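In what follows, every heavy atom counts, from backbone to side chain, and hydrogens, waters and symmetry copies are set aside. These numbers come from a predicted model, not from an experiment.
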Number of protein chains: 2
Amino acid sequence: MAPMQTSPFRTSDQRKADREEKREAVLRAAVRLFNERGFHAASLEDVAASLGISKPTIYHYLGNKDQVLFECVTRGVDQLRDAADAAKALPGTGLDRLRSFLRCYSEIIMDDFGRCVIRTADEALTHESSARFRALKREIDDAMRELLEAGIADGSIAPLDVRLTSFTLAGALNWPARWHRADGKSRPEDVAAKMVDILTGGLAPR
Amino acid sequence: MAPMQTSPFRTSDQRKADREEKREAVLRAAVRLFNERGFHAASLEDVAASLGISKPTIYHYLGNKDQVLFECVTRGVDQLRDAADAAKALPGTGLDRLRSFLRCYSEIIMDDFGRCVIRTADEALTHESSARFRALKREIDDAMRELLEAGIADGSIAPLDVRLTSFTLAGALNWPARWHRADGKSRPEDVAAKMVDILTGGLAPR
DNA sequence: TCAATAATTTACCCGTCAGCATATTGCTTG
DNA sequence: CAAGCAATATGCTGACGGGTAAATTATTGA
């Protein structure tokens, strides 16, 4: 049962929650610094300093630098996968579902963990992590291709080269990871919506 | 006057040409390794080893690592600027000129120096070089916007948000710097042509 | 109250790499 | 042929960052 009043003595699951919260804070601080300065330029000491703790504490919660980065990109890819699953379950034409996915995709890429997925070069990770990372990204690409193929099948999308179209769309939507600033004036939803309109509609006047 | 037969003794401008050739070889080796392993992972010693020379020779021809990288990206940006100038001088509608530029742009990005422009994060360079690099990239973006505006003015392109459209197109065409392999089966010209068709035409069936 | 365990720090080791100071070779020119 | 300069190599160093062991402090549970 819950204590009547807040006590300075934590129960065992409060302690577990505390630990999780700290772990989360470390991860958040890490991904912010990785994105801001680049993985190599951001030392674990910098990350620790940004939280007012010391380097070994990071090792305590997350392990070595490779594991920290891998967890960051995994978070990002998970968000993208969720978006793909949600889009697949939507009603409407294949094009409708694809557009919905692309908008979510783009917004995730402008967020901390999504940005990290794009800004992280494979070479930054160890051989094993890099292979797992590529596999995860491959899943997202497969989902994008599935959505494209569904649209082509129901006639809402032209019969394009699926592989290349997928790369083209992803490339365009990934780019904000490099130029978009969270503190800027353009809101992620607006950017996402406009980009998707440009990509699906083309440049020609109607 | 030119020597009657090839002699082991070089004239002074032969020597100058030799030097230029070596400088060029070093730069080429550097950009290849930077692209393959990433700037940080590629040490100057690796670059030297790939040519069978020693590290100080690189300093002799190109200066410190920052200068080497800056020269690589400058080469790439120069190619892009030339392509923009050439496209502007072409006949046809604004859309025609833009499409021509986009195809060239894309092919350059699949080449050594162009790839390096995209794969090089600003943080890799010193403060000064980074600022100059951003200025150079800004020129290319301006050229892209000019071409877009010309197309909008003559009615061959819909009245879109120029800034965002420019980013969208560039993002899509930059992405092959990350996935395209020079030794693969898809030829850069084909990839470029198809991507430009997708981008200008959109996804809808006609 | 005391032992056990978790959280966190301090201090250190080790490898790597950019950059340089110094040799050495060999071509070129007066 | 001598003097000098260009090209290249060897070897050093100083900084920095990842990673860890051991010491310290807080927290729980018996």
How long is the line joining [atom1] of [X] and [atom2] of [N], in whole Å?
X: A:Glu45; N: C:dA11; atom1: CD; atom2: P; answer: 13 Å
X: B:His40; N: D:dG18; atom1: NE2; atom2: C1'; answer: 15 Å
X: B:Glu20; N: D:dA6; atom1: CD; atom2: C1'; answer: 16 Å
X: A:Leu69; N: D:dG17; atom1: CG; atom2: P; answer: 17 Å
X: B:Asp46; N: C:dG19; atom1: CG; atom2: C1'; answer: 16 Å
X: A:Arg23; N: C:dA6; atom1: CZ; atom2: P; answer: 17 Å
X: A:Leu44; N: C:dT9; atom1: CG; atom2: C1'; answer: 16 Å
X: B:Leu33; N: C:dA18; atom1: CG; atom2: P; answer: 12 Å

Looking at the side chain of A:Ser43, which of D:dG17, C:dG19, D:dT8 is the nearest nucleotide?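 Out of D:dG17, C:dG19, D:dT8, the nucleotide with an atom closest to A:Ser43's side chain is D:dG17.
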
Report yes or no: do B:Thr126 and B:Ser129 form a side-chain donor-acceptor pair below 3.5 Å?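 A pair is found: one side chain offers a donor N or O, the other an acceptor, under 3.5 Å apart.
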
Is any NZ, NE, NH1 or NH2 atom of the basic residue among B:Arg23 and B:Glu71 found under 4.0 Å from an Asp or Glu carboxylate oxygen of the other?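 Yes, B:Arg23 and B:Glu71 are salt-bridged.
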
Rounded distance [0.5 Å steps], CH2 in B:Trp175 versus NE2 in B:His180: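 Here the rounded value is 15.0 Å.
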
With rounding to the nearest 0.5 angstrom, report the NZ to CG distance, A:Lys137 to A:Leu80.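 The NZ atom of A:Lys137 sits 11.5 Å away from the CG atom of A:Leu80.
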
Is it possible for you to check whether A:Lys65 lies under 6.0 Å from the centre of the six-membered ring of A:Phe39, through NZ or CZ, and within 45° of that ring's axis?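 Yes; both conditions hold, so A:Lys65 lies above the ring face of A:Phe39.
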
Please give me every residue in residues 47-64 of chain A whose heavy atoms get under 4.0 Å of an atom in DNA chain C, ordered by residue number.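 The answer is A:Ile53, A:Ser54, A:Pro56, A:Thr57, A:His60, A:Tyr61.
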
Got a list of side-chain donor-acceptor pairs under 3.5 Å for residues 95-107 of chain B, not counting sequence neighbours?
from: B:Asp96; atom 1: OD2; to: B:Thr93; atom 2: N; distance (Å): 3.1
from: B:Asp96; atom 1: OD2; to: B:Thr93; atom 2: OG1; distance (Å): 3.2
from: B:Arg97; atom 1: NH1; to: B:Gly92; atom 2: O; distance (Å): 2.9
from: B:Arg99; atom 1: NH1; to: B:Asp197; atom 2: OD1; distance (Å): 3.3
from: B:Arg99; atom 1: NH1; to: B:Thr200; atom 2: OG1; distance (Å): 2.7
from: B:Arg99; atom 1: NH2; to: B:Asp197; atom 2: OD1; distance (Å): 2.9
from: B:Tyr105; atom 1: OH; to: B:Asn174; atom 2: OD1; distance (Å): 2.8

